[in-house]
Amino acid sequence: MTIRVKVNGREYVRDVEPRRLLAYFLREDCGLRGTHVGCDSSSCGCCVVVLDGDTPVKSCTMFAVSAAGHEITTVEGLADGATLHPLQQAFWDQHGLQCGYCTPGMLMTSYVLLGHNPTPTEPQIREALSGNLCRCTGYQNIVKAVQYAAGKMEQGGKDDLPNIA
C-alpha cells in the first residue's frame, strides 16, 4: 500500500505492508533512528512520537498506514539544525538522561505536555510521563529537566511550544 505522510515537515511517499508498524517505518523507511523501540508492546514509551502536533502516540503499536495523511514529529524534528530545542537542552543541562534510550520518548511526551500546560506542577509532569519507563535515572532529573525547560520556554516566549489549544 502506498502512503503519504509528513514527518518533521518533510513529505514521504512510500510503499508499505499494511501491518508495518510506524516505529519501523520511521526508523527504516525514513531513516530516522531517534525513535527507539524498547518493548514492542506499548509498555515503555521509548517510541513516542507526536501526531498532528498535539497527540503523543506510541509508534510501536500504530500501523504506518494509520499515519497516512497525518503529520508526525519525531525527536529529530525538535532541534533546529545544530541548535537544540529548549527541552532537549534542559535534559542535557539538568542531567535528565543517562543511557539515553528512553530520552526520545520522554522528550516527545514532555513536548506535548508543555504544549497543553506550559507551567506544569511536579505531580502533573510525573502523571504525563507515567507511560514512559526509564531504567537508569530514577526520574528525578527528568522531572527537573521538564520543569527547567518550562521556565526557560516561558521566559523565551511561546515560539518553542507546539500550537496546542
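All values derive from a computational prediction rather than experimental measurement.
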Heavy-atom closest pair, residues [X] and [Y]:
{"X": "L87", "Y": "L107", "answer": "CD2-O, 3.4 Å"}
{"X": "V48", "Y": "P56", "answer": "CG1-CB, 3.8 Å"}
{"X": "A149", "Y": "A90", "answer": "CB-CB, 3.6 Å"}
{"X": "C134", "Y": "M106", "answer": "CB-CE, 3.9 Å"}
{"X": "G96", "Y": "I142", "answer": "O-CG1, 3.2 Å"}
{"X": "A67", "Y": "L22", "answer": "CB-CD1, 4.0 Å"}

[Y] side chain reached by [X] side chain, heavy atoms, under 4.5 Å:
{"X": "E11", "Y": "V5", "value": "no"}
{"X": "T119", "Y": "E154", "value": "yes"}
{"X": "F63", "Y": "V16", "value": "no"}
{"X": "M108", "Y": "T73", "value": "yes"}
{"X": "L113", "Y": "V146", "value": "yes"}
{"X": "Y139", "Y": "L129", "value": "no"}
{"X": "N8", "Y": "I72", "value": "no"}
{"X": "Y12", "Y": "K6", "value": "no"}

Are [Y] and [X] co-members of a hydrophobic cluster defined by side-chain heavy atoms under 4.5 Å apart?
{"X": "M62", "Y": "Y111", "answer": "no"}
{"X": "V75", "Y": "V49", "answer": "no"}
{"X": "V143", "Y": "V112", "answer": "yes"}
{"X": "V65", "Y": "Y24", "answer": "yes"}
{"X": "V57", "Y": "L26", "answer": "yes"}

Given the rule in the side chain to side chain contact (heavy atoms under 4.5 Å, CB included) test, do E122 and Q140 qualify, once you have shown the distances and angles that lead to the verdict? CA-CA 10 Å; E122 181 178 336; Q140 187 56 38; 4.3 Å; yes
Measure the acute angle between the ring planes of Y101 and H36, then classify it against the limits of 30° and 60° as parallel, tilted or perpendicular.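 Geometry flag for H36 against Y101: parallel rings.
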For atom CZ of R135, decide whether the heavy atoms of other residues, nucleotides or ligands shown that lie under 6.0 angstrom number more than 12.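 At most 12 heavy atoms, drawn from other residues, nucleotides or ligands, come within 6.0 Å of this atom.
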Within a 6.0 Å radius of atom CD on E127, are there more than 12 heavy atoms belonging to other residues, nucleotides or ligands?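 No, because the 6.0 Å sphere around CD of E127 holds 12 heavy atoms or fewer from other groups.
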Verdict with supporting geometry, E28 and R20, salt bridge (charged side-chain N to carboxylate O under 4.0 Å, His left out): CA-CA 11 Å; E28 297 167 11; R20 182 139 179 92; 2.6 Å; yes
Where do Y148 and K152 land on the side chain to side chain contact (heavy atoms under 4.5 Å, CB included) test, with the steps shown first? CA-CA 6 Å; Y148 183 79; K152 288 289 189 184; 3.2 Å; yes
Looking at E76 and R33, would you say the former's side chain and the latter's main chain have a donor-acceptor pair under 3.5 Å?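 Present.
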For N141 and H95, test the side chains for any donor-to-acceptor distance below 3.5 angstrom and give the result as yes or no.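 Absent: no donor and acceptor within the cut-off.
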Calculate, to the nearest 0.5 Å, the distance between atoms CZ and CG belonging to R27 and L21 respectively.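 Going from the CZ atom of R27 to the CG atom of L21 covers 12.5 Å.
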